[in-house]
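In what follows, a single structure is set out as structure tokens and then discussed.
Since the structure is predicted, the reported quantities are computational estimates derived from the model, not experimental observations. By convention in this document, chain letters (A, B, ...) are assigned in the order of the sequence lines, proteins followed by strands, and residues within each chain are numbered from 1.
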Protein chains: 2
Amino acid sequence: MKQRSTRQRRLVLDAVRARCDHPSADQIYTDVRAVDDKISRGTVYRNLNVLEQTGEILHVKLPVTDRYEVRADRHDHLICSRCHTVCDVPIPYDGAMDERAIEETGYLVFRHRLVFEGLCPDCRKKIEKADLHVE
Amino acid sequence: MKQRSTRQRRLVLDAVRARCDHPSADQIYTDVRAVDDKISRGTVYRNLNVLEQTGEILHVKLPVTDRYEVRADRHDHLICSRCHTVCDVPIPYDGAMDERAIEETGYLVFRHRLVFEGLCPDCRKKIEKADLHVE
DNA sequence: ATGGGTGCAAAGTGTTTGCAAGTAT
DNA sequence: ATACTTGCAAACACTTTGCACCCAT
């Protein structure tokens, strides 16, 4: 079972690459759909899965919705609890934590995923002004 | 809008408390159903949400399925990529990471969620023997 | 009594899949 | 030619909701 390079697959990959805001599957569908109004949801989902398998993109599991991004080094994420904007955190991936988890649990640990939750500068201002309800 | 204490709500809370393996919503439904075969799925979901709001239980977002557990201190989780068993990691919550994320990003960070991925001792053995396909 | 809670079934989400036709290799 | 891919629609899994009735306060 070898992967082929199809127009649709390239469109999906391009769409993920074109965004730097960790789009959801649905956002990618919308973007791709703007270029090719025949492509189906099933195809987009199928290709996101294939591209994740091949390591060309990263599937980021987050509260609220899953997101995708172009593969890079392992890194952590930060999501705004109010507007759900996601950004990468420029702190190096800490492999020592994995070692520690191995020692403490006896599991064979491959990796970890670290997600910070907070408020982005914009929402922070809005909250301070309006004392709105969050989370 | 003040919460009431109903039989169904207590059953749901008891079911979460009775388990120490991070049950999914459906597992809780099954457990509660064993005690009261009239309770509906909607009620279980509604109560899980209420109990999460009030802080009586914790909603843990994980790859594959969401899980619930009785609230405790903030702590990290470890999930087996093969059998999806979840366990708590006895490493103290590292607040310093939140500080660092604040410095690096300008977000107001409340907390983080840290999930390790690996193989539990059981699956590890099985994999080593059979060289099965994982992830 | 009154407003939150319940059971039920229907409706939502978000994602996967069976199928026949299409296409990259 | 072969078998991976596609579009479509139906199917899924999981969760939420509208409604009329019920019950904790």
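- Going from atom CG of B:Asn49 over to atom C1' of D:dC14 covers 12 Å, rounded to whole Å.
- Classified by interplanar angle (parallel below 30°, tilted 30° to 60°, perpendicular above 60°), the ring pair A:Phe116/B:His112 is perpendicular.
- Between A:Leu13 atom CG and D:dT5 atom C1' there is a gap of 16 Å when expressed in whole angstrom units.
- One N or O on the side chain of B:Gln27 and one on the backbone of B:Ser24 form a donor-acceptor pair closer than 3.5 Å.
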Carefully, step by step, assess B:Val50 and B:Gln3 under the rule side-chain contact (heavy atoms from CB on, under 4.5 Å).
CA-CA 8 Å; B:Val50 170; B:Gln3 322 290 355; 3.6 Å; yes
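- In this structure, B:Leu11 atom CG and C:dG5 atom C1' are separated by 14 Å, rounded to whole Å.
- The distance from the CZ atom of B:Arg9 to the CZ atom of B:Arg4 is 10.0 Å, given to the nearest 0.5 Å.
- Distance check, rounded to the nearest 0.5 Å: SG of A:Cys120 to NZ of A:Lys126 gives 7.5 Å.
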Dump the intermediate steps for side-chain contact (heavy atoms from CB on, under 4.5 Å) on B:Thr85 and A:Tyr107, then the final yes or no.
CA-CA 11 Å; B:Thr85 297; A:Tyr107 276 50; 3.8 Å; yes
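- Non-hydrogen atoms lying under 4.0 Å from DNA chain C are contributed by B:Lys38, B:Ile39, B:Ser40, B:Thr43, all within residues 32-45 of chain B.
- The nearest whole Å value for the distance from the CD atom in B:Gln27 to the C1' atom in D:dT15 is 16 Å.
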Please encode protein proximity along nucleotides 18-25 of chain C as a string of B, S and -, counting only heavy-atom distances under 4.0 Å.
B----BBS
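- Defining each end axis of the helix from C:dA1-D:dT25 to C:dT25-D:dA1 as the rotation carrying four pairs' C1' atoms onto the next four, with five pairs an end, the two axes are found to diverge by 40° to 10 degrees.
- Between the CD1 atom in B:Ile39 and the CD1 atom in B:Ile28 there is a gap of 11.0 Å [rounded to 0.5 Å].
- Phosphate contact (OP1/OP2 of C:dG5, side-chain N/O of B:Asn47, threshold under 4.0 Å): absent.
- Salt bridge present: A:Asp31 and A:Arg19 bring a charged side-chain N and a carboxylate O closer than 4.0 Å.
- At a threshold of 4.5 Å between non-hydrogen side-chain atoms, the residues A:Asp88 and A:Asp76 do not count as touching.
- B:Tyr29 has its OH atom 15 Å from the P atom of D:dA13, to the nearest Å.
- Note: A:Asp26 CG to A:Arg41 CZ = 5.0 Å, rounded to the nearest 0.5 Å.
- Nucleotide D:dT16 holds its C1' atom 14 Å from the NE2 atom of B:His59, rounded to whole Å.
- Considering only heavy atoms from C-beta on, A:Leu58 stays 4.5 Å or farther from A:Glu52 through its side chain.
- With rounding to whole Å, B:Gln8 atom CD is found 11 Å from C:dC8 atom P.
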